Colleague: 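If you scroll down you'll find the structure; I have some questions about it.
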Amino acid sequence: MTQARIEATIPRRVWDSRGRPTIEVEVRLSDGSLGRGIAPAGASRGSREAIDRRDGGERLGGLDVREALAAIELEVAPALASTVLTGPLAADEILLRLDDTPTKSVLGGNVTVATSIACAHAYAASVGLPLWRVLADDARPSGDAQVSIPLPEIQIFGGGAHAGRRIDIQDLMVIARGASSVEQALAMTAEVYLAAGRLMAQRGAATGVADEGGHWPAFESNEHAIETLLRAIEAAGYTAGDEVAISLDIAASEFGARGQYRLGLDKQTIDSDGMIDLLGRWLERYPICSIEDPLAEDDLEGMRAFTQAWGKRIQIIGDDFLVTNAALIDAAAAGGACNAALIKPNQAGTLSEARDALGAARKANWSTVVSARSGETEDTTICDLAIGWNARQLKVGSITRGERTAKWNALIRAEQALGAAAFADGRWLRVSNAGSP
Ligand code: 2PG
Ligand code: MG
């Protein structure tokens, strides 16, 4: 515990990986400790997630954050002033008193999340421990004090809202489920990324990268993209499924609503049952171990039917569907929709609420994946959350671009400190076409 008080809460405008303005908050304590947090930003957003405060109007495409910076100076900083942080998440109570709306519509989710992260880091600096360690200790009375180095879920091809909707599927990723350390998982994934680049170059289709650093998706159909990913795994010399499996984020809310799904690249519109059939064919044909948002956020029946059909075989993650919200996770678990939750702190608005969502998923016996956003920065706090909360999986986009590699490289350092025995391997993940359940 620290006796140090918050002396200053300083906001500033910084830039994210899409060249858009975002908020950094710096918190200084009376003992000289300092913590910083930067708000990330999503492009494919769930309708119920915390809302970023942006200025609107002409400047910077309406995305400027001047109002949000002013709110930190005029409302947040005075409320936090002189507070003694009794734990890494102690400031969240004050933030939640200032804004108790589910979508942070008073202060803005970017204001609350950047402040929440900064205070957590300031606390960790004051007690002289890594943030993951204080988060694990903080969770001890109520939950899981174990720490682990998470299994990476890494994008090879980008798509959907992150690639001008060139293909409909948003993230074509791999999980090195045969790896025994994060160091090895990253090296295996890098081989697949390079092999995928060579395959695209051979076709004359290597034209750059999407928002999260995955190769640009120049494909003839959505299935062609999955097929190419399978070829890349094989070309890299790995047994597809066993050593390296496919993971998809369909992000279906981006092209589906009210039970209708418009697959632009495949030039077809299908209903919820048609979507479940199509995904089922992919799951039979390809070694897929995890699928995120297979149906749209308004398609509860579809999500239940899909979970009924596939939930015993593969990981089914709710992202836009659950928006890192404990109550929505409780309801989905009770209704048999999904078996895993994506945990994005800025969907919830504070680290405490993200932790509660993770707790709800754990209570339901679900797996959990801490995740970055498509608009990111050098902030690596999500690594501390995944390690300290024992989430066991981390999704950050690809293995290129500094805002992504900042996270992977932080995991390598943490693994050196904790040892490879702390690595949460993926052998428990089942592969969709590896025989009957
Ligand atoms: C997602 C994320 C990351 P965004 O949908 O899971 O891929 O994208 O941050 O745009 O919501
Ligand atoms: Mg998603």
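Atoms within each ligand, like the ligands themselves, are counted from 1 in listed order. All of these numbers come straight from a predicted model, not from anything done at the bench.
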Colleague: Under 4.5 Å between any side-chain heavy atoms of Arg36 and Ile38, yes or no?
Modeller: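 Side chain of Arg36 against side chain of Ile38, heavy atoms only: no contact under 4.5 Å found.
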Colleague: Check if Asp211 has a non-hydrogen atom at a distance under 4.0 Å from any atom of ligand 1.
Modeller: no
Colleague: Purely on distance, is any nitrogen or oxygen of Arg45 under 3.5 Å from one on ligand 1?
Modeller: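 So ligand 1 has no N or O lying under 3.5 Å from an N or O of Arg45.
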Colleague: If the cut-off is 4.0 Å to any non-hydrogen atom of Gly42, which atoms of ligand 1 fall inside it?
Modeller: 4 (P), 9 (O), 10 (O)
Colleague: Below 4.0 angstrom from a heavy atom of Arg373, which ligand 1 atoms are there? Numbered from 1 as shown, please.
Modeller: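 Atoms satisfying the 4.0 Å criterion: 4 (P), 9 (O), 11 (O).
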Colleague: Would you say the Mg ion (ligand 2) has Asp319 as a near neighbour, meaning an N/O/S atom of that residue under 2.8 Å away?
Modeller: yes
Colleague: Compute whether any side-chain donor of one residue and acceptor of the other, for Ser374 and Asp211, lie under 3.5 angstrom apart.
Modeller: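 Result is no, nothing qualifies.
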Colleague: Would you say Asp249 and ligand 1 have an N/O pair spaced under 3.5 Å apart?
Modeller: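 There is such a contact, yes.
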Colleague: Identify the protein heavy atom lying closest to atom 8 (O) of ligand 1, giving its residue, its atom name and the separation to 0.1 Å.
Modeller: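 In this structure, atom 8 (O) of ligand 1 has His162 CE1, 3.2 Å as its nearest protein heavy atom.
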Colleague: Any side-chain to backbone donor/acceptor pair from Asp320 onto Glu297? Under 3.5 Å, distance only.
Modeller: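 Not confirmed, Asp320 side chain does not pair with Glu297 backbone.
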Colleague: Does Gly160 offer a backbone N or O that forms a donor-acceptor pair with the side chain of Arg166 under 3.5 Å?
Modeller: no
Colleague: Contact between Ala251 and ligand 1, counting heavy atoms under 4.0 Å?
Modeller: no
Colleague: Pick one of side chain, backbone, both or neither for how Asp293 approaches ligand 1, counting any non-hydrogen atom pair under 4.0 Å.
Modeller: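 Under 4.0 Å from ligand 1, Asp293 contributes no heavy atoms.
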Colleague: Can you pull out the closest protein heavy atom to atom 9 (O) of ligand 1? Residue, atom name and distance to 0.1 Å, please.
Modeller: Ser374 N, 2.7 Å
Colleague: Dump the intermediate steps for salt bridge (Lys or Arg N to Asp or Glu O under 4.0 Å) on Arg285 and Glu227, then the final yes or no.
Modeller: CA-CA 9 Å; Arg285 219 167 278 166; Glu227 176 74 35; over 6 Å; no
Colleague: Among Met173, His215, Gln155, which one satisfies side chain to side chain contact (heavy atoms under 4.5 Å, CB included) with Ser398?
Modeller: Gln155
Colleague: Nearest N/O/S atom of Glu292 with respect to the Mg ion (ligand 2), by atom name, please.
Modeller: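 Among the N, O or S atoms of Glu292, the one closest to the Mg ion (ligand 2) is OE2.
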Colleague: Considering heavy atoms of the protein only, find what lies nearest to atom 5 (O) of ligand 1 and give residue, atom and distance to 0.1 Å.
Modeller: Gln170 NE2, 2.8 Å
Colleague: Would you check if Val147 and Asn390 make a side-chain contact, meaning some heavy-atom pair closer than 4.5 Å?
Modeller: no
Colleague: Mark yes or no for whether Asp99, through its side chain, and Leu107, through its backbone, hold a donor-acceptor pair below 3.5 Å.
Modeller: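 Judged by distance alone, yes, a pair lies under 3.5 Å.
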Colleague: Name of the Asp249 N, O or S atom nearest the Mg ion (ligand 2)?
Modeller: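 Nearest N/O/S atom: OD2.
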Colleague: Can you tell me which residue and heavy atom of the protein come closest to atom 11 (O) of ligand 1, and the distance to 0.1 Å?
Modeller: Ser44 O, 2.6 Å
Colleague: Taking heavy atoms and a distance under 4.0 Å, where does Asp171 meet ligand 1: side chain, backbone, both or neither?
Modeller: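 For Asp171, only side-chain atoms sit under 4.0 Å from ligand 1.
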Colleague: For ligand 1, is there an N or O atom under 3.5 Å from any N or O atom of Gly375?
Modeller: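 No, there is no polar N/O contact under 3.5 Å.
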Colleague: Between Glu212 and ligand 1, find which residue part has any heavy-atom pair under 4.0 Å and reply side chain, backbone, both or neither.
Modeller: side chain
Colleague: Specify the protein heavy atom at minimum distance from atom 1 (C) of ligand 1: its residue, its atom name, and the distance to 0.1 Å.
Modeller: Lys344 NZ, 3.1 Å
Colleague: Atoms of ligand 1 less than 4.0 Å from Leu342 heavy atoms?
Modeller: 6 (O)
Colleague: Measure the shortest side-chain to side-chain distance between Leu151 and Leu429 over non-hydrogen atoms and say whether it is less than 4.5 angstrom.
Modeller: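 When only atoms from C-beta onward are counted, Leu429 and Leu151 do touch, with a gap below 4.5 Å.
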Colleague: If we ignore hydrogens and angles and just use 3.5 Å, is the side chain of Asp92 paired with the main-chain N or O of Ser116 as donor and acceptor?
Modeller: no
Colleague: Under 4.5 Å between any side-chain heavy atoms of Lys104 and Val111, yes or no?
Modeller: no
Colleague: For Glu292, is the nearest heavy atom under 4.0 Å from an atom of ligand 1?
Modeller: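 Heavy atoms of Glu292 do come under 4.0 Å of ligand 1.
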Colleague: Please determine whether the number of non-hydrogen atoms from other residues, nucleotides or ligands lying under 6.0 Å from atom CD of Gln268 exceeds 12.
Modeller: yes
Colleague: Under a 4.0 angstrom heavy-atom cut-off, which atoms of ligand 1 come close to Asp319?
Modeller: 1 (C), 5 (O), 6 (O)
Colleague: For the residue pair Asn346 and Arg373, confirm or rule out a side-chain donor-acceptor distance under 3.5 Å.
Modeller: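 There is such a pair between these side chains.
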Colleague: To the nearest 0.1 Å, how far is atom 6 (O) of ligand 1 from its closest protein heavy atom, and which atom is that?
Modeller: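 So the nearest neighbour among protein heavy atoms is Lys395 NZ, 2.7 Å.
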Colleague: Flag Asp171 as yes if one of its N/O/S atoms falls below 2.8 Å of the Mg ion (ligand 2), otherwise no.
Modeller: no
Colleague: Suppose we only count N/O/S atoms under 2.8 Å; would Asp320 qualify as near the Mg ion (ligand 2)?
Modeller: no
Colleague: Looking at Arg45, is its backbone amide N or carbonyl O close enough to the side chain of Glu49 to form a donor-acceptor pair, meaning the two atoms are under 3.5 Å apart?
Modeller: no
